[in-house]
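Reading through the structure tokens given below for one structure.
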Protein chains: 2
Amino acid sequence: MRIGQLAQLAGVDIQTIRFYERQGLLPPPNRQDNGYRTYKADHAERLLFIRRCRSFGMSLEEIGVLQSYQEQPQQPCTAINALLDTHITQVRAQIASLHALENQLVTLRSCCDNERQSLDCGILSGLLEGDKTLS
Amino acid sequence: MRIGQLAQLAGVDIQTIRFYERQGLLPPPNRQDNGYRTYKADHAERLLFIRRCRSFGMSLEEIGVLQSYQEQPQQPCTAINALLDTHITQVRAQIASLHALENQLVTLRSCCDNERQSLDCGILSGLLEGDKTLS
DNA sequence: TGAAAACCATATAGCAGGTATAGGGTCAAG
DNA sequence: CTTGACCCTATACCTGCTATATGGTTTTCA
């Protein structure tokens, strides 16, 4: 299978595949005489693994770590669990800080009723003065 | 005041100040004979404004737009309100998608009990197979 | 047969919002 | 008179791609 077909199969851009290869996440495939990359089912699996991890918000570095665990099937998987736990913790922290941000933004928004000049806009002055009610 | 003092006052890196200047968010300050930048209270206010907006998750482009409204105090401030409303909407969408992600991650995490080999780890196989329970 | 479309290759630059580094000039204190 | 703290510019790096320039190959269709 050539790179275009693999890209379509996995729903990614061709460039992205070459990028993963440069990053060491996809092993370099064989080449045809003309230099074209030729992929097998193996590569497709790995690519889909990467995309699935990405959809879980994992970094390419984390994915590399996971791949290394795949290659050592005898090792205990505590590290995998730890990686995921860390990740979940991070996501929860992000959610919490976004909630706080939302509250601040809503408070700030309530400072202006839409019917003024910029001069009197409570939002701009809120941003200028660092109002105590906002943090 | 020199750049180091301004940086300390605003709690930012010196490089960041120069970066904002290059981006057109901070007006170029006067220079001493030796080329050192000299800032006044005005600059400090603008820098703090930028940082406050950044802490609200606004992009540098959005901040530039807000600054342009500051410079036209006679204009109605509907656009400012709209900018903030858009921003709030985006934050809420982010929160929602992070919540969904959190659920998926927790489900994935529950596939492994920590006591196996990588080979049998439910997390790795979940990532490999694209389990239906996960999406 | 020949030209255009569709595919592939590499190398390089760009996005955001900075941060870091290299290689210098300036200035005050000991 | 040298050390250290400060400042300057220019440039590269970070993440995770995406886009562009430039060129080779293969397929298709008239």
Side-chain angles (χ1 to χ4, degrees), chain A residues 1-26 28-40 43 46-67 83 86-87 90-91 94 97 101, chain B residues 1-26 28-40 43 46-67 83 86-87 90-91 94 97 101:
Chain A
M1 156 198 307
R2 292 193 311 195
I3 198 170
Q5 295 169 281
L6 178 60
Q8 196 169 21
L9 187 143
V12 302
D13 196 295
I14 288 176
Q15 307 274 42
T16 304
I17 295 174
R18 292 199 276 245
F19 171 73
Y20 289 156
E21 182 182 329
R22 274 199 307 282
Q23 298 304 111
L25 288 174
L26 272 180
N30 290 330
R31 302 284 186 132
Q32 291 173 346
D33 291 348
N34 54 18
Y36 288 15
R37 292 169 174 82
T38 50
Y39 295 97
K40 303 190 191 136
H43 289 97
R46 266 182 97 132
L47 179 54
L48 288 171
F49 177 82
I50 296 171
R51 295 309 293 177
R52 209 162 291 120
C53 291
R54 290 289 301 132
S55 79
F56 283 118
M58 293 174 194
S59 69
L60 299 186
E61 196 185 344
E62 285 175 314
I63 296 169
V65 171
L66 283 180
Q67 285 186 341
L83 192 153
T86 303
H87 201 67
Q90 284 168 359
V91 168
Q94 258 190 74
S97 88
L101 178 58
Chain B
M1 139 197 318
R2 292 191 310 196
I3 198 169
Q5 296 169 281
L6 179 61
Q8 196 167 22
L9 188 143
V12 302
D13 196 296
I14 289 177
Q15 306 274 42
T16 305
I17 295 175
R18 293 199 274 247
F19 172 72
Y20 289 157
E21 183 182 329
R22 275 200 306 282
Q23 299 302 112
L25 287 175
L26 272 180
N30 290 331
R31 300 286 185 130
Q32 291 175 347
D33 290 349
N34 54 19
Y36 289 14
R37 292 170 175 82
T38 51
Y39 296 97
K40 302 190 191 137
H43 288 97
R46 264 182 97 133
L47 180 53
L48 288 170
F49 177 83
I50 295 170
R51 295 308 294 179
R52 208 162 293 120
C53 290
R54 289 289 300 133
S55 79
F56 284 119
M58 293 173 195
S59 70
L60 299 186
E61 196 184 345
E62 285 175 313
I63 295 169
V65 171
L66 282 179
Q67 285 185 340
L83 192 153
T86 303
H87 202 68
Q90 284 168 0
V91 168
Q94 258 190 75
S97 89
L101 179 58

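Computed from a prediction, not measured in an experiment: that's the story for all the values here.
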- Protein-nucleotide distance (A:I50, atom CD1; D:dG16, atom C1'), rounded to Å: 12 Å

- Message: Measuring to OP1 and OP2 of C:dC27, would you say a side-chain N or O of B:N34 lies under 4.0 angstrom away?
- Response: yes

- Query: More than 12 heavy atoms of other residues, nucleotides or ligands under 6.0 Å from CD of A:E61: is that the case?
  - Reply: no

- Task: Write down the distance between OH (B:Y20) and P (C:dG17), rounded to a whole number of angstrom.
- Result: 9 Å

- Message: Does B:R37 reach a base, just sugar-phosphate, or nothing at all? Heavy atoms under 4.0 Å.
- Response: sugar-phosphate

- A:I14 has an atom CD1; how far is it from atom C1' of C:dC7, in whole Å? 8 Å

- Item | Distance below 4.0 Å between A:R51 side-chain N/O and D:dC17 OP1 or OP2 | yes

- Mark yes or no for a side-chain to base donor-acceptor pair under 3.5 Å between B:Y36 and C:dG25, with no hydrogen or angle criteria applied. yes

- Note on the structure: Of B:D13 and A:Q5, the one whose closest nucleotide on DNA chain C sits nearer the 5' end is A:Q5

- Task: Can you tell me the distance, in whole Å, between the CG atom of B:D33 and the C1' atom of D:dC7?
- Result: 14 Å

- Integer-rounded Å distance: D:dG16 P and A:E21 CD: 18 Å

- Item | Residue-phosphate contact under 4.0 Å: A:R54 side-chain N/O, D:dT15 OP1/OP2 | no

- Note on the structure: Separation of C:dC15 atom C1' from B:E62 atom CD, nearest Å, is 16 Å

- Message: Quick one about A:R2 and A:Q32 (side-chain donor to acceptor, distance below 3.5 Å, no hydrogens or angles considered), yes or no?
- Response: no

- Per the atom types in the model, does the base of D:dT20 pair as donor or acceptor with the side chain of A:Q15 at under 3.5 Å? yes

- Here the distance between atom C1' of C:dA9 and atom CD1 of A:I3, to the nearest Å, is 9 Å

- Does A:T16 make a side-chain N or O approach to OP1 or OP2 of D:dT18 shorter than 4.0 Å? yes

- Message: Can you confirm whether more than 12 heavy atoms, excluding those of B:Q23, are under 6.0 Å from its CD atom?
- Response: yes

- Identify which one of A:I50, A:L25, A:V12 satisfies the side-chain contact (heavy atoms from CB on, under 4.5 Å) criterion when paired with A:I17. A:V12

- Let me know the distance between CD1 of A:I63 and P of D:dC17, rounded to the nearest Å. 8 Å

- Looking only at side-chain N and O atoms, does B:R2 come under 4.0 Å of OP1 or OP2 in D:dC6? no

- Worked verdict on B:Y39 versus B:L47 for side chain to side chain contact (heavy atoms under 4.5 Å, CB included): CA-CA 11 Å; B:Y39 296 97; B:L47 180 53; over 6 Å; no

- Task: Tell me what B:R31 touches on the nucleic acid: a base, only sugar-phosphate, or nothing, going by heavy atoms under 4.0 Å.
- Result: sugar-phosphate

